[in-house]
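Some notes on the structure that comes next.
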Amino acid sequence: NPEFHGNPNFASCLLPDHLISMAELDLLTQNVVCAHSETCQFLQENLQVIRWETFSQSEVHGFQQKPMDHMWERCVCHITNAIQQIVEFAKRLNGFMELNPNDQIVLLKAGAMELLLLRMSRAFNCYNNTIFFEGKYAPLDLFQSLGCNDLISAMFDLCHSLCAVNLSEYEMAFYSAMILLDPTQPWLQEKEKVQSLHVKLDVAFRNLLRRTHRESILGKLPQRGRLLSICQVHMEKLKVFRQMYPGMAWERFPPLYRELFVSEQEDP
Ligand SMILES: O=C(O)[C@H]1CC[C@H](C(=O)N2CC[C@](c3ccc(C(F)(C(F)(F)F)C(F)(F)F)cc3)(S(=O)(=O)c3ccc(F)cc3)C2)CC1
């Protein structure tokens, strides 16, 4: 069990080589929560207010009639905007900008899609299985022209699991930051710097859960592998789509999406 310092200023636990004061924990908590709330595209309360505004059958039909490449292009544009905000979240996290640039990209390439899934769950209405899309809440079959119903239903299932935990914005902020600042990512050049940030986040997050009597959510959060498998299916679908529309990735995909999800060597 964690060793406690006699000194009242160090009321938190003392980890082998990370001395973290209560004051630092509070500052870190503020930083993580503000970085999250300032970079989400939609406020939780606004998403809640409109969550019963669903697309009509004829509107759904309209989306289903759109050609595959047209629908993909719209979704890739939305995903790019969402990821731009996730990059902004990362930049505001204490310590992220001090990491070496290679490691910043490694962490964003690995974590951006997982954080997107977490943010999608905020925009999900688990009572009628609809998700916020272009102003209203959409059922799964609105997206059928994308040709990746299995990917999207896996996303919907994940959103259901996350809704069941009913994460607060504070918890969502910490969960996102800890997924992003994962020291076990391969190719990191300064793993110990990421490790140090992760440890502090872990202590601050557990501190928050203890104070709010929410330790039980740690066992209910979806396994990391589940998030990763959806990210893998995303990459496969993207590859299939690009084979159907060769060259589109370069002409009509925003550079950030390309940078994070399209690797040069395999591009046809
Ligand atoms: O920051 C916020 O407040 C949040 C950020 C996240 C936003 C969001 O939900 N999203 C931003 C982009 C969104 C998105 C999700 C998934 C995908 C794909 F899987 C595929 F195209 F295959 F579907 C891909 F990845 F393969 F391309 C593309 C784009 S979307 O809003 O376009 C959306 C698409 C399908 C849905 F069924 C539900 C939502 C999800 C909602 C607002």
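As the structure lists them, so they are numbered: ligands from 1, and atoms in each ligand from 1.
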Report summary line: Any heavy atom of Lys237 under 4.0 Å from ligand 1? The part involved is neither

Requested in this report: Return the orientation label for the Phe174 and Phe205 ring planes: parallel under 30°, perpendicular over 60°, tilted otherwise.
Outcome: parallel

Query raised in the report: Which one holds for Gln85 and ligand 1: side chain close, backbone close, both close, or neither close, with close meaning a heavy atom under 4.0 Å?
Result: neither

Query raised in the report: Hey, which atoms in ligand 1 end up nearer than 4.0 Å to a heavy atom of Phe156?
Result: 37 (F)

Query raised in the report: Quick one: nearest non-hydrogen protein atom to atom 42 (C) of ligand 1, plus distance?
Result: Phe42 CD1, 3.4 Å

Report task. Write down the atom of Pro186, the atom of Val106, and the distance for their closest heavy-atom approach. Result -> O-CG1, 3.5 Å

Query - ligand 1-proximal atoms of Phe133, by part, heavy-atom distance under 4.0 Å - result: side chain

Query raised in the report: Does Phe241 have a heavy atom less than 4.0 Å from any atom of ligand 1?
Result: no

Query raised in the report: Does any N or O atom in Met120 lie less than 3.5 angstrom from one in ligand 1, N or O only?
Result: no

Report task. Would you give the length of the straight line joining atom CG of Leu162 to atom CZ of Arg226, rounded to the nearest 0.5 angstrom? Result -> 7.5 Å

**Report entry** ligand 1 contact on Leu146 by region, counting heavy-atom pairs under 4.0 Å
**Finding:** side chain

Query raised in the report: Touching ligand 1 at all, Glu134? Heavy atoms, strictly under 4.0 Å?
Result: no

Report summary line: Looking only at heavy atoms, the pair that brings Ala138 and Phe133 closest together is CB-CB, 4.1 Å

Query raised in the report: Would you call Phe124 a ligand 1 contact, heavy-atom distance under 4.0 Å?
Result: no

Query raised in the report: Does ligand 1 have any atom sitting under 4.0 Å from a heavy atom of Arg74?
Result: no

Query raised in the report: Touching ligand 1 at all, Ile131? Heavy atoms, strictly under 4.0 Å?
Result: yes

Requested in this report: Answer with side chain, backbone, both or neither: which part of Leu140 has a heavy atom less than 4.0 angstrom from an atom of ligand 1?
Outcome: neither

Query raised in the report: In the protein, what heavy atom is nearest to atom 4 (C) of ligand 1, and what distance, to one decimal place, separates them?
Result: Gln41 OE1, 3.9 Å

Report task. Using protein heavy atoms only, decide if any is under 4.0 Å from atom 2 (C) of ligand 1. Result -> yes

**Report entry** Check ion pair Lys193-Glu98 (N to O, under 4.0 angstrom)
**Finding:** no

Query raised in the report: Minimum heavy-atom separation for Leu167 to Arg214, with atom names?
Result: CA-NH2, 4.0 Å

Query raised in the report: Looking only at side chains, do Glu24 and Ser21 share a donor and an acceptor under 3.5 Å apart?
Result: no

Query raised in the report: Which one holds for Arg122 and ligand 1: side chain close, backbone close, both close, or neither close, with close meaning a heavy atom under 4.0 Å?
Result: side chain

Query raised in the report: Is it the side chain, the backbone, both or neither of Cys148 that has a heavy atom closer than 4.0 Å to ligand 1?
Result: side chain

**Report entry** Over-ring placement of Arg74 relative to Phe63, 6.0 Å and 45° cut-offs
**Finding:** no

Report summary line: If you scan protein heavy atoms around atom 41 (C) of ligand 1, the nearest is Ala123 CB, 4.1 Å

Requested in this report: Quick one: pull up CZ in Phe96 and CG in Leu180 and give me the separation to the nearest 0.5 Å.
Outcome: 5.5 Å

Query raised in the report: Are Leu158 and Leu228 linked, directly or through other ILVMFWY residues, by side chains that come within less than 4.5 angstrom of each other?
Result: no

Query - Proximal ligand 1 atoms for Ile152, defined as those under 4.0 Å from one of its heavy atoms - result: 23 (F), 37 (F)

Query raised in the report: What heavy-atom pair brings Phe143 and Met71 nearest, and what distance separates the two atoms?
Result: CD2-CE, 4.0 Å

Query raised in the report: Should the ring pair Phe241 and Trp72 be called parallel, tilted or perpendicular, given that the plane angle runs from 0 to 90° and is split at 30 and 60?
Result: parallel

Query - Nearest candidate to atom 17 (C) of ligand 1, where distance is taken over non-hydrogen atoms, out of Ile79, Thr39, Leu47 - result: Ile79

Query raised in the report: Linking I/L/V/M/F/W/Y whenever their side-chain heavy atoms sit closer than 4.5 Å, directly or via other members, would Ile79 and Val240 fall into one cluster?
Result: yes

Query raised in the report: If you measure every N/O of His234 against every N/O of ligand 1, is any gap under 3.5 Å?
Result: no

Report task. Show which atoms of ligand 1 fall inside a sub-4.0 Å distance from at least one heavy-atom site of His78. Result -> 11 (C), 12 (C), 32 (O)

Query raised in the report: For ligand 1, which atoms sit closer than 4.0 Å to a heavy atom of Met155?
Result: 16 (C), 19 (F)

